[in-house]
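Below is one structure; the comments refer to it alone.
Since the model is a prediction, treat every value here as computed from it, not as a measurement.
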Amino acid sequence: MNFLQEWANAAHTSVGFFWMALWAFALGYLISSLIQVMVSRGHMKSLMGDDSAKSMTLGTFFGFISSSCSFAALSTTRALFNKGASFPASMAFLLASTNLVIELGFVIAIFLSWQFVAGEYIGGVLLIAFAWLYIKLTSPTGLIKSARKNEDTDDEDNSTKPWSALLTRETWQQVAKKYQMEWQMVWQDVLLGFTAAGIISAFVPSEFFNWLFQGSGANVADASFLEVLQQTIVGPLAAFFTFIGSMGNIPLAAVLYGEGVAFAGVMAFIFSDLIVLPVLRINAKYYGWKMALYIALMLFVCLVLTALTLHYGLFAFDALPDHSQQQKITERAFFSVDYGFILNLIFLAVSAGLIYLTQRQKKQHNHHEHHHHHDHDHGSSNSWRDYLMNGLCIIAGVWLIAGLILYGTL
């Protein structure tokens with residue numbers, strides 16, 4: 001193996017993956033930003049006070065229209081829970097906001113097949129239903145009582161904006177601010193996820209995947225139930241150590257599928273964004289370690305059940321995706337002039353316009369609120385994760401730039 005050549009291929013693949021998905025990210029975050037501006041969090045929490053079917057449905061709906069960033073979803077879920085939303089409804093919101101969001105479906109459609117898009121949305125609903133049942137059966141009343149903390153800050157307006165507000169400049173400035181915040185929340189996960197996908201596709205041999213995921217490979221269609229179950233369990237365990245959120249792990253899932261991992265194993269990997277190590281630590285900080293471990297076990301059990309249900313549900317209708325017809329993700333033409341290229345140019349222009357709006361708004365408010373900036377410095381209490389992620393992003397950036405230079409010269 002020529003290391004320099006593989007390095008160049010890995011960097012080219014990573015950037016190609018991102019270019020393929022760019023318009024989907026931008027469109028999804030634009031829609032998400034619009035809805036977040038139009039519907040207030042205060043209105044959400046006022047409707048989620050018990051564990052009835054109505055509260056679960058509303059928690060699911062509000063999660064669907066919310067952010068797809070795992071870490072932002074954790075923060076919002078904590079606020080809703082502490083301000084009166086029931087624990088089951090809060091979990092419904094959390095699961096929906098990371099599995100049922102629009103932009104995730106766009107990205108999955110680009111990298112995988114329609115079965116995975118259907119699996120993501122149907123599976124998201126199943127995850128919530130299984131979580132609801134798990135909470136009912138285990139009845140963690142004591143944990144819930146000890147985990148809940150009263151929050152008196154950040155009082156929100158319970159009103160929602162009329163859709164006619166979309167015709168005002170003020171609304172679009174708010175949308176632009178939300179759009180920029182969406183990218184700020186996920187860019188590290190996206191950078192690391194796409195970089196890792198390129199490295200794995202270039203350097204990790206197929207034999208390793210066949211060893212790690214028993215029964216994977218060319219004959220995965222003949223895998224036994226025990227082999228499918230093993231893959232479904234290994235998927236979340238592999239995801240636990242990735243540090244990558246819901247949007248960043250889709251290209252990795254595409255690499256796994258291209259190596260012959262079963263549908264259930266790939267779906268379990270995709271669903272595992274809420275049981276990665278940083279999420280476990282954040283939940284421990286919010287609710288205490290007992291509740292954090294309870295949530296992690298609940299999610300693990302529910303996602304394994306969901307992935308198996310989806311797999312054998314499609315199998316019953318002979319609708320499982322055919323690995324033999326699947327083109328490996330690394331074999332696609334990343335930079336061809338097609339509909340994706342045109343959409344990327346359009347949404348790059350839209351993004352530039354939204355960034356212009358936010359920068360102009362900042363300049364207008366600078367001379368009024370300059371003395372407040374230092375009082376709200378978010379970087380004053382950086383956690384170990386911040387330092388780790390920043391360091392890894394610097395390494396990833398250097399890796400990609402050097403790799404692209406090699407690709408152009410070799």
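When all heavy atoms of Leu404 and Ala11 are compared, the closest pair comes out as N-CB, 3.8 Å. Summarising the geometry of Phe347 relative to Leu30, their closest heavy-atom pair is CE2-CD2, 4.5 Å, with the distance given to 0.1 Å. A pairwise comparison of heavy atoms in Val255 and Phe17 identifies CG2-CE1, 4.4 Å as the closest pair. Heavy atoms only, all atoms of each residue included: Leu192 and Cys393 are closest at CD2-N, 4.0 Å.
Here the side chain of Ser272 pairs no donor or acceptor atom with the backbone of Ile275 at under 3.5 angstrom. Listed for the Thr195 side chain is no donor-acceptor partner under 3.5 Å among the backbone atoms of Ala396. Side chain of Gln230 to main chain of Gln214: a donor-acceptor pair is present (N/O by atom type, distance under 3.5 Å, no hydrogens or angles).
Take Ala284 and apply the side chain to side chain contact (heavy atoms under 4.5 Å, CB included) test, not counting sequence neighbours, and it matches Trp289, Ala292. The ring-ring contact (aromatic ring centres under 6.0 Å, His included) search around Phe225 returns Tyr312, not counting sequence neighbours. Remark: Leu212 engages Phe208, Val234 in a side chain to side chain contact (heavy atoms under 4.5 Å, CB included) (not counting sequence neighbours). Under the rule for a side chain to side chain contact (heavy atoms under 4.5 Å, CB included), the partners of Thr171 that lie at least two apart in sequence or sit in another chain are Val37, Met38, Lys161, Ala165, Leu166, Thr168, Val175. Applying the ring-ring contact (aromatic ring centres under 6.0 Å, His included) criterion to Phe209, with sequence neighbours excluded, gives no partner residue. Residues passing the side chain to side chain contact (heavy atoms under 4.5 Å, CB included) test with Ala296, sequence neighbours excluded: Leu280. Taking the side chain to side chain donor-acceptor pair (under 3.5 Å) definition, one finds that Ser146 meets it with nothing, sequence neighbours left out. Checked against ring-ring contact (aromatic ring centres under 6.0 Å, His included), Tyr134 has the following partners two or more places apart in sequence or in another chain: Tyr294. For Trp399, the ring-ring contact (aromatic ring centres under 6.0 Å, His included) partners are Trp7, not counting sequence neighbours.
For Phe81 and Phe93, the ring centers are positioned 6.0 Å apart or more. Not less than 6.0 angstrom separates the ring centroid of Phe341 from the ring centroid of Phe335.
A 4.5 Å side-chain heavy-atom check between Trp172 and Leu34 finds at least one atom pair inside the cut-off. The closest side-chain heavy-atom distance from Leu400 to Leu191 is below 4.5 Å. Proximity of Phe87 to Ile295: side-chain heavy atoms (C-beta onward) are separated by under 4.5 Å at one or more points. Side-chain contact between Trp23 and Leu345 is absent, with no heavy-atom pair separated by less than 4.5 Å. Residues Lys177 and Leu354 are not in side-chain contact: their nearest non-hydrogen atoms beyond the backbone lie 4.5 Å or more apart. With a 4.5 Å cut-off on side-chain heavy atoms, Phe271 and Pro236 do not count as touching.
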Test side chain to side chain contact (heavy atoms under 4.5 Å, CB included) applied to Met291 and Ile144, step by step
CA-CA 8 Å; Met291 177 58 91; Ile144 293 172; 3.9 Å; yes
Please step through side chain to side chain contact (heavy atoms under 4.5 Å, CB included) for the pair Gln174 and Lys178, ending with a clear verdict.
CA-CA 6 Å; Gln174 294 174 348; Lys178 286 285 186 183; 5.7 Å; no
Side chain to side chain contact (heavy atoms under 4.5 Å, CB included), that's the test. Do Val15 and Phe194 meet it? Break it down for me.
CA-CA 7 Å; Val15 175; Phe194 281 69; over 6 Å; no
Does the side chain to side chain contact (heavy atoms under 4.5 Å, CB included) test come out yes or no for Thr138 and Met298, once each step is laid out?
CA-CA 10 Å; Thr138 57; Met298 174 190 71; over 6 Å; no
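Between the OG atom in Ser216 and the CD atom in Gln231 there is a gap of 5.5 Å [rounded to 0.5 Å]. Interatomic distance, Ile200 CD1 to Leu256 CG, rounded to the nearest 0.5 Å: 7.0 Å. Within the model, atoms CG of Leu274 and OG1 of Thr98 stand 4.0 Å from one another, a figure rounded to the nearest 0.5 Å. Put simply, CD1 on Ile270 and OH on Tyr257 are 11.0 Å apart, with the number rounded to the nearest 0.5 Å. The distance from the CD1 atom of Ile108 to the CD1 atom of Ile250 is 4.0 Å, given to the nearest 0.5 Å. Rounding to the nearest 0.5 Å gives a distance of 5.5 Å between CG of Asp273 and CG of Asn99.
Among pairs with a residue in residues 338-359, those fulfilling side chain to side chain donor-acceptor pair (under 3.5 Å) read Tyr179-Ser351, Gln180-Thr358, Ser336-Asp338, Tyr356-Arg360, at least two apart in sequence or across chains.
At a cut-off of 3.5 Å, with distance as the only test, a side-chain donor of Gln188 or Asn390 sits close to an acceptor on the other residue.
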Mind listing the side-chain donor-acceptor pairs of residues 300-311 below 3.5 Å, one per line with the distance, residues two or more places apart or on another chain?
unit_1: Thr306; atom_1: OG1; unit_2: Cys302; atom_2: O; d: 2.7
unit_1: Thr309; atom_1: OG1; unit_2: Leu305; atom_2: O; d: 2.7
unit_1: His311; atom_1: ND1; unit_2: Ala264; atom_2: N; d: 3.2

Can you list, pair by pair, the side-chain donor-acceptor contacts under 3.5 Å of residues 115-129, counting residues two or more places apart and other chains?
unit_1: Gln115; atom_1: OE1; unit_2: Ser113; atom_2: OG; d: 2.9
unit_1: Gln115; atom_1: NE2; unit_2: Ala319; atom_2: O; d: 3.2
unit_1: Tyr121; atom_1: OH; unit_2: Val101; atom_2: O; d: 3.1
unit_1: Tyr121; atom_1: OH; unit_2: Ile102; atom_2: O; d: 3.4
unit_1: Tyr121; atom_1: OH; unit_2: Gly105; atom_2: N; d: 3.3

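Ring geometry, Trp183 versus Phe18: the interplanar angle exceeds 60°, so the pair is classed perpendicular (tilted spans 30 to 60°).
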